[in-house]
Protein chains: 2
Amino acid sequence: MSSDPPRTRIQRRNRRAILEAALAVFSQHGFRGATLDQIAAEAGLSKPNLLYYFPSKEAIHETLLAGLLETWLDPLRALDPAGDPIEEILGYVRRKLAMSRDFPRESRLFANEILQGAPRIGPTLDGELKSLVDEKAAVIAGWSAAGRIADVDPWHLIFSIWALTQHYADFDVQVRAVLGPDRGDPFDGAERHLVTLFTRLLTP
Amino acid sequence: MSSDPPRTRIQRRNRRAILEAALAVFSQHGFRGATLDQIAAEAGLSKPNLLYYFPSKEAIHETLLAGLLETWLDPLRALDPAGDPIEEILGYVRRKLAMSRDFPRESRLFANEILQGAPRIGPTLDGELKSLVDEKAAVIAGWSAAGRIADVDPWHLIFSIWALTQHYADFDVQVRAVLGPDRGDPFDGAERHLVTLFTRLLTP
DNA sequence: CCTGATCCTGACCGTCCGGTCAAACGTTTT
DNA sequence: AAAACGTTTGACCGGACGGTCAGGATCAGG
């Protein structure tokens with residue numbers, strides 16, 4: 001919406017620290033479960049100083065979510081209708097899994113928002129997200145009709161990719177508990193497994 | 001742990017009402033985001049009356065979680081080593097998906113707990129859950145080695161089933177936003193898709 | 001070195017939070 | 001009918017919550 005170029009380097013540094021701290025707290029406890037004192041402590045600032053940079057708890061949360069959806073949908077946007085179908089979809093899976101590995105807190109922040117009924121990004125889901133998915137689903141349906149991939153419901157295929165990749169970020173604790181300490185990095189196993197899964201699903 | 005047979009029918013009714021209300025509130029807002037006033041209002045009781053039946057907010061939450069894990073793991077326990085491999089796994093998928101459809105709040109309660117780092121059921125994950133999964137993973141690995149299903153990492157296969165089925169409960173709002181109102185019940189499409197997916201994945 | 005703008009803080013406010021308690025209300029038992 | 005028990009409530013407590021404010025510290029430019 002509004003361009004927000006922080007004037008000074010102090011502003012830049014502190015706003016970054018606040019958003020970083022807020023990401024940690026919001027992603028773990030949800031909006032209502034998070035407290036400004038906790039965010040302030042995590043950011044190394046006093047609570048009034050927090051509110052010097054952001055007008056309210058809501059504003060911090062909104063800033064976080066706004067920046068999130070863009071980067072979150074980028075991997076899907078990059079799905080190329082002109083590319084090789086299976087390689088394109090596998091590429092999307094890999095990019096999405098990499099995001100789960102590299103930005104698990106962002107994934108959990110998003111999960112929290114949806115779990116609570118998407119009170120703040122509901123409209124964006126109905127609008128921007130739906131239209132992007134519809135567009136890419138049409139591409140996949142085209143591949144399907146042309147016999148270049150096996151017959152598959154494009155919408156549920158996309159849901160499958162989301163579910164399978166985000167699971168490793170959102171349920172990280174459970175995954176590690178079940179695998180135990182001696183079975184290597186969960187994400188390595190996940191990548192091999194997901195490539196197998198989607199290859200077998202999509203190969204005609 | 002302790003057997004808790006409610007003495008009177010009033011106790012039975014009110015305890016049920018409280019747990020029902022608490023499930024609604026905890027599953028939407030997480031433990032810290034939920035308030036006793038909200039639960040009390042939802043249950044049609046006064047806050048002090050709530051605390052007549054349960055000693056604390058924690059106790060309500062614990063009661064909910066304790067009952068949850070049992071029913072949550074039942075579908076996996078029912079996986080029969082003596083049955084037909086693919087039908088057994090498809091049956092598990094169907095049972096788990098049915099739970100997402102019929103008990104979405106329970107699924108979200110569990111998701112919230114894991115998102116927060118499993119502070120209350122961490123030990124249970126390391127113990128009971130891990131050993132059950134290990135046991136069933138061995139069964140699946142046996143099927144795999146015998147050539148009765150295609151080669152697959154059993155642990156990540158189980159993760160896939162969890163991720164794919166629970167997604168439709170936990171991310172229900174997003175799924176419905178993307179599908180729109182005119183594409184029928186999400187769970188019907190999900191069942192067809194998941195049967196296809198796991199059949200293609202597992203058929204040797 | 002002065003001055004104006006930016007940055008930061010201690011003290012504070014009203015509200016809501018989880019939880020307590022004594023007393024009143026209902027119901028069952030004798 | 002009254003004693004005994006189970007149930008419900010209004011009033012209240014100390015602490016934590018989101019947020020405000022006046023003023024002090026710090027920094028930049030002249």
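First the proteins, then the strands, lettered A, B, ... as listed; each starts at 1.
No side-chain heavy atom of A:N112 sits under 4.5 Å from any side-chain heavy atom of A:Q28. Taking the side chain as every heavy atom from C-beta outward, A:I39 and A:K57 never approach each other to under 4.5 Å.
Protein atom CG of B:N49 is 16 Å distant from nucleotide atom P of C:dC25, rounded to whole Å. Look at CD1 on B:I39: it is 8 Å from P on C:dG18, rounded to the nearest Å. Spacing between atom CD1 of B:I10 and atom P of D:dT7 amounts to 6 Å, rounded to whole angstrom units. Residue B:Q38 contributes atom CD, which lies 13 Å from atom P of C:dC16 at whole-angstrom precision. The distance from atom CD of A:E58 to atom C1' of D:dC17 is 15 Å, rounded to the nearest whole Å. In this entry the distance linking CG of A:L51 with P of D:dA22 reads 16 Å, nearest Å. For B:L50 and C:dT20, the CG to C1' distance is 14 Å, given to the nearest whole Å. Taking atom CZ on B:R32 and atom P on D:dA16, their separation rounds to 12 Å, with Å as the unit.
In the set D:dG10, D:dG19, D:dT7, D:dT7 carries the atom at the smallest distance from any side-chain atom of B:Q11. You'll find that the side chain of B:N14 is closest to D:dT8, out of D:dT9, C:dG18, D:dT8. Ranking C:dG19, D:dT8, D:dT9 by closeness to the B:K47 side chain, first place goes to C:dG19. Side-chain proximity of A:S56 to the nucleotides C:dC7, D:dT7, D:dG19 is greatest for D:dG19. Closest approach to the B:S46 side chain among D:dT9, C:dA11, C:dC17 is made by D:dT9 (side chain taken as heavy atoms from C-beta onward). Distances from the side chain of A:R9 to the nucleotides D:dC21, D:dA28, D:dG18 place D:dA28 closest.
A cation-pi contact links B:R15 to B:F54, judged by a cut-off of 6.0 Å to the six-membered ring centre and 45° from its axis.
Of all heavy-atom pairs spanning A:E113 and A:R120, the tightest one is OE2-N, 2.7 Å.
For the pair A:E88 (side chain) and A:D80 (backbone), a donor-acceptor distance under 3.5 Å is present.
As judged by a 4.0 angstrom heavy-atom cut-off over every strand, A:A34 is placed among residues touching the sugar-phosphate backbone only.
For the pair A:Y52 and B:K57, both in contact range of DNA chain C, the more 5′-proximal nearest nucleotide belongs to A:Y52. Comparing A:P55 and B:Y53 by the nucleotide of DNA chain D whose heavy atom lies nearest to each, the residue mapping closer to the 5' end is B:Y53. Place A:D37 and A:P48 on DNA chain D by their nearest nucleotides, and A:D37 ends up nearer the 5' end.
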